[in-house]
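This chain uses plain numbering: 1 for the first residue, then up along the sequence. The shown structure was predicted, so the numbers you read here are calculated from the model rather than taken from an experiment. Side-chain atoms are counted along with the backbone in the values below, which use heavy atoms only and exclude waters and symmetry mates.
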Amino acid sequence: MKKKIIGLVLLIAIMLVIGGIYLATSRTPKIVAVDGYVGGEKIELLEDEEVQAIFEEAYGVQADYSRAGSLDMMTADMEGMDYLFPSSSIAEEYYEDLHGSPQQSEIVLNTPIVLYTHRAVLDAFDSQGLITQSGSAYYVDMPRLVELIQNDTAWADIGLPDLYGTISVDTTDPASSNSGNMFAALLANVLNGGRTLTEENLPEILPQLEDIFGKLGYMETSSSDLFSQFLRMGIGAKPVIAGYESQLIEYAALYPEQYDAIKDDIIMLYPAPTVWSTHVFIALDDSGELLLDALLDKDVQRLAWEKHGFRTGNYTTVSESEGLIAAGVADNITQVTQVPSYDVMKVIIEQLQ
(Lines give C-alpha, C1' and ligand atoms only; values in the text may rest on other atoms or scores of the structure.)
Protein backbone atom coordinates (compact mmCIF):
# COMPACT_ATOMS: atom_id res chain seq x y z
CA MET A 1 0.00 0.00 0.00
CA LYS A 2 2.83 2.34 0.96
CA LYS A 3 4.55 1.71 -2.37
CA LYS A 4 1.31 2.51 -4.22
CA ILE A 5 0.97 5.82 -2.38
CA ILE A 6 4.59 6.76 -3.14
CA GLY A 7 4.08 5.85 -6.78
CA LEU A 8 0.89 7.93 -6.93
CA VAL A 9 2.67 10.92 -5.37
CA LEU A 10 5.50 10.61 -7.89
CA LEU A 11 3.02 10.36 -10.74
CA ILE A 12 1.19 13.48 -9.55
CA ALA A 13 4.50 15.32 -9.16
CA ILE A 14 5.55 14.38 -12.69
CA MET A 15 2.19 15.48 -14.05
CA LEU A 16 2.46 18.82 -12.22
CA VAL A 17 5.95 19.40 -13.64
CA ILE A 18 4.79 18.55 -17.16
CA GLY A 19 1.73 20.75 -16.72
CA GLY A 20 3.89 23.62 -15.47
CA ILE A 21 6.21 23.30 -18.42
CA TYR A 22 3.26 23.26 -20.80
CA LEU A 23 1.71 26.36 -19.23
CA ALA A 24 5.03 28.20 -19.27
CA THR A 25 5.73 27.41 -22.90
CA SER A 26 2.15 28.17 -23.95
CA ARG A 27 2.40 31.62 -22.37
CA THR A 28 5.73 32.41 -24.04
CA PRO A 29 4.95 34.62 -27.03
CA LYS A 30 5.81 33.26 -30.42
CA ILE A 31 8.81 35.14 -31.77
CA VAL A 32 8.38 36.33 -35.36
CA ALA A 33 11.65 36.64 -37.29
CA VAL A 34 11.49 39.75 -39.47
CA ASP A 35 14.05 40.15 -42.24
CA GLY A 36 15.03 43.18 -44.28
CA TYR A 37 17.71 45.52 -45.56
CA VAL A 38 19.26 48.11 -43.26
CA GLY A 39 21.90 50.81 -43.53
CA GLY A 40 25.15 49.94 -41.73
CA GLU A 41 24.91 52.89 -39.34
CA LYS A 42 21.86 51.30 -37.64
CA ILE A 43 23.23 47.79 -37.15
CA GLU A 44 24.52 48.46 -33.61
CA LEU A 45 21.02 49.62 -32.68
CA LEU A 46 19.40 46.44 -33.98
CA GLU A 47 22.05 44.32 -32.23
CA ASP A 48 21.70 46.13 -28.90
CA GLU A 49 20.72 43.51 -26.29
CA GLU A 50 18.42 45.92 -24.46
CA VAL A 51 16.65 46.76 -27.69
CA GLN A 52 16.37 43.10 -28.67
CA ALA A 53 14.85 42.26 -25.27
CA ILE A 54 12.13 44.88 -25.78
CA PHE A 55 11.48 43.61 -29.30
CA GLU A 56 11.00 40.03 -28.13
CA GLU A 57 9.31 40.50 -24.75
CA ALA A 58 6.94 43.31 -25.64
CA TYR A 59 6.34 42.73 -29.35
CA GLY A 60 7.34 39.12 -30.10
CA VAL A 61 9.67 40.27 -32.87
CA GLN A 62 13.24 39.34 -33.77
CA ALA A 63 14.96 41.76 -36.16
CA ASP A 64 17.10 40.01 -38.76
CA TYR A 65 18.83 42.03 -41.45
CA SER A 66 21.14 42.25 -44.43
CA ARG A 67 23.29 45.35 -44.75
CA ALA A 68 22.84 47.50 -47.86
CA GLY A 69 23.28 51.09 -48.96
CA SER A 70 20.13 53.19 -48.70
CA LEU A 71 19.70 53.53 -52.45
CA ASP A 72 21.08 50.11 -53.36
CA MET A 73 18.44 48.37 -51.23
CA MET A 74 15.68 49.89 -53.36
CA THR A 75 16.85 47.89 -56.38
CA ALA A 76 17.96 44.79 -54.48
CA ASP A 77 16.16 41.43 -54.49
CA MET A 78 13.26 41.81 -52.07
CA GLU A 79 12.11 38.20 -52.16
CA GLY A 80 11.46 37.15 -48.55
CA MET A 81 12.11 40.64 -47.19
CA ASP A 82 9.69 42.22 -44.71
CA TYR A 83 11.15 45.70 -44.48
CA LEU A 84 13.64 48.26 -45.76
CA PHE A 85 15.36 50.67 -43.37
CA PRO A 86 17.17 53.36 -45.41
CA SER A 87 18.41 56.69 -44.14
CA SER A 88 16.42 59.31 -46.01
CA SER A 89 13.05 60.26 -47.39
CA ILE A 90 14.71 60.44 -50.82
CA ALA A 91 15.26 56.68 -50.61
CA GLU A 92 11.59 56.19 -49.78
CA GLU A 93 10.55 58.26 -52.79
CA TYR A 94 12.97 56.22 -54.89
CA TYR A 95 11.19 53.08 -53.67
CA GLU A 96 7.79 54.51 -54.57
CA ASP A 97 9.09 55.51 -58.00
CA LEU A 98 10.21 51.93 -58.64
CA HIS A 99 7.65 49.83 -56.77
CA GLY A 100 4.66 51.97 -55.80
CA SER A 101 3.42 52.72 -52.29
CA PRO A 102 4.66 50.41 -49.51
CA GLN A 103 2.33 48.83 -46.99
CA GLN A 104 3.43 51.37 -44.38
CA SER A 105 6.30 53.79 -43.82
CA GLU A 106 7.30 56.20 -41.08
CA ILE A 107 10.28 58.30 -40.02
CA VAL A 108 11.76 56.51 -37.01
CA LEU A 109 15.12 58.22 -36.43
CA ASN A 110 16.84 61.50 -37.32
CA THR A 111 20.46 62.63 -37.41
CA PRO A 112 22.20 65.56 -39.11
CA ILE A 113 25.05 65.27 -41.59
CA VAL A 114 28.37 66.30 -40.02
CA LEU A 115 32.04 66.31 -40.94
CA TYR A 116 34.67 64.39 -39.00
CA THR A 117 38.25 65.58 -38.91
CA HIS A 118 41.39 65.79 -36.77
CA ARG A 119 42.61 68.47 -34.36
CA ALA A 120 45.34 69.64 -36.76
CA VAL A 121 42.82 70.16 -39.57
CA LEU A 122 40.48 71.98 -37.19
CA ASP A 123 43.30 74.36 -36.27
CA ALA A 124 44.20 74.90 -39.93
CA PHE A 125 40.57 75.60 -40.87
CA ASP A 126 40.33 77.95 -37.91
CA SER A 127 43.37 79.86 -39.14
CA GLN A 128 41.50 80.44 -42.40
CA GLY A 129 38.43 81.79 -40.61
CA LEU A 130 36.24 78.75 -41.37
CA ILE A 131 35.47 77.73 -37.78
CA THR A 132 33.10 79.14 -35.18
CA GLN A 133 32.34 77.63 -31.80
CA SER A 134 29.17 77.56 -29.72
CA GLY A 135 29.56 75.87 -26.36
CA SER A 136 31.64 72.78 -27.06
CA ALA A 137 30.37 72.37 -30.64
CA TYR A 138 32.39 73.43 -33.68
CA TYR A 139 30.81 74.76 -36.89
CA VAL A 140 32.46 75.01 -40.30
CA ASP A 141 31.54 77.65 -42.89
CA MET A 142 30.45 75.45 -45.78
CA PRO A 143 30.49 78.10 -48.56
CA ARG A 144 34.11 78.95 -47.72
CA LEU A 145 35.09 75.27 -47.46
CA VAL A 146 33.51 74.56 -50.85
CA GLU A 147 35.41 77.52 -52.29
CA LEU A 148 38.70 76.02 -51.09
CA ILE A 149 37.75 72.66 -52.64
CA GLN A 150 36.77 74.19 -55.97
CA ASN A 151 39.97 76.25 -56.13
CA ASP A 152 42.08 73.09 -55.68
CA THR A 153 43.63 74.60 -52.58
CA ALA A 154 46.48 72.41 -51.33
CA TRP A 155 46.60 71.31 -47.71
CA ALA A 156 50.04 72.89 -47.63
CA ASP A 157 48.48 76.24 -48.51
CA ILE A 158 46.59 76.27 -45.20
CA GLY A 159 49.52 75.18 -43.08
CA LEU A 160 49.41 71.37 -43.40
CA PRO A 161 52.41 70.51 -45.63
CA ASP A 162 52.50 66.91 -44.39
CA LEU A 163 49.13 66.20 -46.02
CA TYR A 164 49.21 65.20 -49.68
CA GLY A 165 47.14 66.84 -52.39
CA THR A 166 44.28 69.30 -52.26
CA ILE A 167 41.52 69.89 -49.74
CA SER A 168 38.58 67.50 -50.11
CA VAL A 169 35.89 65.78 -48.07
CA ASP A 170 35.75 61.99 -48.41
CA THR A 171 32.25 60.60 -48.54
CA THR A 172 30.34 57.48 -49.46
CA ASP A 173 29.15 56.95 -53.01
CA PRO A 174 26.17 59.32 -53.48
CA ALA A 175 24.67 56.96 -56.02
CA SER A 176 24.36 54.09 -53.54
CA SER A 177 24.69 55.39 -49.97
CA ASN A 178 22.60 57.96 -48.16
CA SER A 179 25.34 59.86 -46.32
CA GLY A 180 27.05 60.57 -49.66
CA ASN A 181 23.72 61.40 -51.23
CA MET A 182 22.82 63.83 -48.42
CA PHE A 183 26.27 65.43 -48.61
CA ALA A 184 25.71 65.91 -52.35
CA ALA A 185 22.38 67.58 -51.52
CA LEU A 186 24.14 69.87 -49.07
CA LEU A 187 26.85 70.77 -51.59
CA ALA A 188 24.21 71.42 -54.25
CA ASN A 189 22.46 73.95 -52.01
CA VAL A 190 25.72 75.63 -51.03
CA LEU A 191 26.73 75.94 -54.69
CA ASN A 192 23.27 77.40 -55.34
CA GLY A 193 23.99 80.32 -53.03
CA GLY A 194 22.49 78.67 -49.97
CA ARG A 195 19.09 78.21 -51.59
CA THR A 196 17.49 74.79 -52.00
CA LEU A 197 18.41 73.61 -55.49
CA THR A 198 15.54 73.44 -58.00
CA GLU A 199 15.28 71.96 -61.47
CA GLU A 200 15.67 75.45 -62.92
CA ASN A 201 19.21 75.87 -61.53
CA LEU A 202 20.25 72.23 -61.86
CA PRO A 203 22.06 72.62 -65.23
CA GLU A 204 24.37 75.24 -63.70
CA ILE A 205 25.11 73.36 -60.48
CA LEU A 206 25.39 69.78 -61.73
CA PRO A 207 28.76 70.17 -63.54
CA GLN A 208 30.25 71.67 -60.37
CA LEU A 209 29.02 68.71 -58.33
CA GLU A 210 30.44 66.27 -60.87
CA ASP A 211 33.80 68.03 -60.68
CA ILE A 212 33.93 67.86 -56.86
CA PHE A 213 32.95 64.19 -56.65
CA GLY A 214 35.02 63.25 -59.68
CA LYS A 215 38.20 64.12 -57.78
CA LEU A 216 37.45 61.75 -54.90
CA GLY A 217 38.22 58.49 -56.68
CA TYR A 218 36.90 55.29 -55.07
CA MET A 219 34.09 55.87 -52.58
CA GLU A 220 32.78 53.44 -49.99
CA THR A 221 29.16 52.32 -50.19
CA SER A 222 28.67 52.18 -46.42
CA SER A 223 28.86 55.09 -44.00
CA SER A 224 29.84 52.72 -41.18
CA ASP A 225 32.79 51.40 -43.23
CA LEU A 226 33.93 54.93 -44.05
CA PHE A 227 33.73 56.00 -40.41
CA SER A 228 35.67 52.93 -39.27
CA GLN A 229 38.40 53.60 -41.81
CA PHE A 230 38.58 57.24 -40.73
CA LEU A 231 39.16 56.17 -37.12
CA ARG A 232 41.75 53.53 -38.03
CA MET A 233 43.76 55.08 -40.84
CA GLY A 234 44.65 58.47 -39.39
CA ILE A 235 44.92 62.00 -40.70
CA GLY A 236 47.09 61.17 -43.71
CA ALA A 237 44.58 58.84 -45.34
CA LYS A 238 41.33 60.68 -44.67
CA PRO A 239 41.76 64.20 -43.27
CA VAL A 240 38.02 64.97 -43.48
CA ILE A 241 34.97 62.76 -44.06
CA ALA A 242 31.22 63.32 -44.19
CA GLY A 243 29.05 61.17 -41.93
CA TYR A 244 26.26 61.17 -39.36
CA GLU A 245 26.28 62.87 -35.96
CA SER A 246 24.99 59.61 -34.49
CA GLN A 247 28.20 57.74 -35.37
CA LEU A 248 30.49 59.48 -32.87
CA ILE A 249 27.84 59.53 -30.13
CA GLU A 250 27.33 55.79 -30.57
CA TYR A 251 31.06 55.02 -30.73
CA ALA A 252 31.71 56.91 -27.49
CA ALA A 253 28.77 55.22 -25.73
CA LEU A 254 29.59 51.66 -26.84
CA TYR A 255 33.38 51.83 -26.81
CA PRO A 256 34.29 54.34 -24.08
CA GLU A 257 37.88 53.15 -23.65
CA GLN A 258 38.66 53.40 -27.36
CA TYR A 259 36.95 56.77 -27.54
CA ASP A 260 38.95 58.05 -24.59
CA ALA A 261 42.13 57.25 -26.51
CA ILE A 262 41.12 59.35 -29.55
CA LYS A 263 38.85 62.04 -28.10
CA ASP A 264 41.53 64.75 -28.07
CA ASP A 265 42.18 64.30 -31.80
CA ILE A 266 38.85 63.38 -33.39
CA ILE A 267 36.65 66.42 -34.00
CA MET A 268 33.02 66.62 -35.11
CA LEU A 269 32.27 69.65 -37.28
CA TYR A 270 28.71 70.81 -37.91
CA PRO A 271 28.39 72.18 -41.44
CA ALA A 272 26.78 75.61 -41.46
CA PRO A 273 24.34 74.92 -42.94
CA THR A 274 23.72 71.17 -42.74
CA VAL A 275 20.91 68.81 -43.76
CA TRP A 276 18.91 66.28 -41.76
CA SER A 277 19.07 62.60 -42.55
CA THR A 278 15.65 61.10 -41.82
CA HIS A 279 15.78 57.34 -41.28
CA VAL A 280 12.56 55.98 -42.74
CA PHE A 281 11.30 52.50 -41.96
CA ILE A 282 9.44 50.91 -44.90
CA ALA A 283 7.22 47.98 -43.94
CA LEU A 284 6.66 45.64 -46.89
CA ASP A 285 4.20 43.32 -45.10
CA ASP A 286 2.51 42.63 -41.76
CA SER A 287 5.71 41.32 -40.20
CA GLY A 288 7.46 44.53 -41.17
CA GLU A 289 4.69 46.50 -39.45
CA LEU A 290 5.33 44.58 -36.24
CA LEU A 291 8.97 45.66 -36.26
CA LEU A 292 7.96 49.24 -37.04
CA ASP A 293 5.75 49.29 -33.95
CA ALA A 294 8.64 47.92 -31.88
CA LEU A 295 11.04 50.58 -33.14
CA LEU A 296 8.59 53.30 -32.11
CA ASP A 297 8.47 51.98 -28.54
CA LYS A 298 9.35 54.82 -26.14
CA ASP A 299 12.13 52.83 -24.46
CA VAL A 300 13.63 51.84 -27.82
CA GLN A 301 13.51 55.48 -28.88
CA ARG A 302 15.25 56.50 -25.65
CA LEU A 303 18.00 53.92 -26.18
CA ALA A 304 18.34 55.05 -29.80
CA TRP A 305 19.39 58.49 -28.53
CA GLU A 306 21.33 57.65 -25.37
CA LYS A 307 23.37 54.75 -26.77
CA HIS A 308 23.23 55.21 -30.53
CA GLY A 309 23.01 58.96 -31.05
CA PHE A 310 19.81 59.24 -33.07
CA ARG A 311 17.64 62.25 -32.29
CA THR A 312 14.20 60.76 -31.76
CA GLY A 313 10.86 61.49 -30.16
CA ASN A 314 12.55 60.86 -26.80
CA TYR A 315 15.50 63.11 -27.62
CA THR A 316 16.38 65.66 -24.94
CA THR A 317 18.87 68.49 -25.27
CA VAL A 318 22.51 67.55 -24.89
CA SER A 319 22.78 69.52 -21.66
CA GLU A 320 20.08 67.28 -20.17
CA SER A 321 21.67 64.04 -21.40
CA GLU A 322 23.81 63.18 -18.37
CA GLY A 323 25.12 59.92 -19.83
CA LEU A 324 26.32 61.39 -23.13
CA ILE A 325 30.06 60.66 -23.44
CA ALA A 326 30.87 62.16 -26.84
CA ALA A 327 32.32 65.66 -26.77
CA GLY A 328 31.31 68.55 -29.01
CA VAL A 329 27.66 67.56 -29.55
CA ALA A 330 25.44 70.55 -30.37
CA ASP A 331 22.50 71.17 -28.05
CA ASN A 332 20.21 71.84 -30.99
CA ILE A 333 20.53 71.72 -34.78
CA THR A 334 19.49 75.15 -36.01
CA GLN A 335 21.41 75.93 -39.22
CA VAL A 336 19.62 73.64 -41.65
CA THR A 337 18.91 73.74 -45.37
CA GLN A 338 16.20 71.63 -46.98
CA VAL A 339 17.12 68.68 -49.17
CA PRO A 340 16.20 69.28 -52.85
CA SER A 341 13.15 67.51 -54.23
CA TYR A 342 13.25 63.89 -55.29
CA ASP A 343 13.14 64.88 -58.99
CA VAL A 344 16.28 67.01 -58.52
CA MET A 345 18.07 64.40 -56.43
CA LYS A 346 17.21 61.68 -58.93
CA VAL A 347 19.08 63.59 -61.65
CA ILE A 348 22.03 64.15 -59.28
CA ILE A 349 22.13 60.44 -58.38
CA GLU A 350 22.08 59.41 -62.05
CA GLN A 351 24.82 61.88 -63.03
CA LEU A 352 27.12 60.92 -60.16
CA GLN A 353 26.95 57.17 -60.85
field: Residue pair Q62, D64: steps toward the side chain to side chain donor-acceptor pair (under 3.5 Å) verdict
entry: CA-CA 6 Å; Q62 175 184 303; D64 295 332; 3.0 Å; yes
message: Quiz question: by atom type and distance under 3.5 Å, do the side chains of T166 and D152 form a donor-acceptor pair?
response: no
task: Treating Ile, Leu, Val, Met, Phe, Trp and Tyr as nodes and any side-chain heavy-atom pair under 4.5 angstrom as an edge, say whether I262 and L115 lie in one connected cluster.
output: no
- request: Locate the shortest heavy-atom distance separating P340 from N189; write the atom from each residue and the value.
  value: CG-OD1, 3.5 Å
task: For the pair D123 and R119, find out whether any cationic side-chain nitrogen is under 4.0 Å from an anionic carboxylate oxygen.
output: no
message: Under the rule for ring-ring contact (aromatic ring centres under 6.0 Å, His included), what residues qualify as partners of Y251, not counting sequence neighbours?
response: Y255
message: Holding to side-chain hydrogen bond (donor to acceptor under 3.5 Å, both in side chains), I want the full list of residues that pass it with Q247, two or more places apart in sequence or in another chain.
response: none
query: Going by distance alone, is a donor N or O of one side chain under 3.5 Å from an acceptor N or O of the other, for H308 and D48?
result: yes
- request: Count the heavy atoms belonging to other residues, nucleotides or ligands that lie under 6.0 Å from CD of Q133, then report whether that count exceeds 12.
  value: yes
message: Counting only heavy atoms not in Q338 (residues, nucleotides, ligands), do more than 12 fall under 6.0 Å from its CD?
response: no
Separation of L231 CG from Y116 OH (nearest 0.5 Å): 9.0 Å
message: Within the 3.5 Å criterion, strictly below it, is a donor on D260 or Q258 matched to an acceptor on the partner's side chain?
response: no
S176 and T221: side chain donor to acceptor below 3.5 Å: no
- request: List the atom of L226, the atom of T172, and the distance in Å for their closest heavy-atom pair.
  value: CD2-N, 3.7 Å
- prompt: Judged by modelled atom types alone, do S87 and K42 share a side-chain donor-acceptor pair under 3.5 Å?
  reply: yes
- prompt: Would Q229 and E220 count as having a side-chain donor-acceptor pair, cut-off 3.5 Å?
  reply: yes
query: Is it true that the side chains of D293 and Y59 contain a donor and an acceptor less than 3.5 Å apart?
result: no
message: Ignoring hydrogens and geometry beyond distance, is a side-chain donor-acceptor pair present between S223 and E41 at under 3.5 Å?
response: yes
task: Inspect the contact between R302 and D297 and indicate whether a charged nitrogen and a carboxylate oxygen are less than 4.0 angstrom apart.
output: no
- request: Using the test side-chain hydrogen bond (donor to acceptor under 3.5 Å, both in side chains), find all partners of Y65 that sit at least two apart in sequence or belong to another chain.
  value: E47
field: Polar side chain donor-acceptor pair, Q103 to D286, under 3.5 angstrom
entry: yes
- prompt: Would you call K307 and E50 a salt bridge, taking side-chain N to carboxylate O under 4.0 Å as the test?
  reply: yes
- request: Apply the test ring-ring contact (aromatic ring centres under 6.0 Å, His included) to residues F230 and H118: give CA-CA distance (whole Å), side-chain angles for both, the deciding distance (0.1 Å), then the verdict.
  value: CA-CA 10 Å; F230 168 75; H118 300 265; 4.8 Å; yes
Aromatic centroids of Y138 and Y270 separated by under 6.0 Å: no
message: I need the I167 CD1 to L145 CG distance, nearest 0.5 Å.
response: 7.0 Å
message: Classify the ring geometry of Y83 against F85: parallel below 30°, tilted from 30° to 60°, perpendicular beyond 60°.
response: perpendicular
field: Closest non-hydrogen atom pair between L197 and A188, with its separation
entry: CD2-CB, 3.7 Å
- request: Treat each ILVMFWY residue as a node, draw an edge where side-chain heavy atoms are under 4.5 Å apart, and state whether W276 and V190 are in one component.
  value: no
message: Between L160 and V240, is there shared hydrophobic-cluster membership here, with clusters defined by ILVMFWY side-chain heavy atoms closer than 4.5 Å?
response: yes
field: Test: R311 and E245 ion pair at under 4.0 Å
entry: yes
query: Are H99 and Y94 near enough that their ring centres are under 6.0 Å apart?
result: no
message: Using every non-hydrogen atom in the two residues, find where S134 and Y139 come nearest and quote the distance to one decimal.
response: CB-CE1, 3.8 Å
task: To the nearest 0.5 angstrom, please state how far the NE2 atom of H279 sits from the CG atom of N178.
output: 6.5 Å
message: Just so I know, are the side chains of W305 and I249 near enough to count as touching, which here means a heavy-atom distance under 4.5 Å?
response: yes
- request: Find the distance between CG (L216) and CG (D173) and round it off to the nearest 0.5 Å.
  value: 10.0 Å
- prompt: In terms of heavy-atom contacts, does CD of E49 have more than 12 from other residues, nucleotides or ligands at under 6.0 Å?
  reply: no
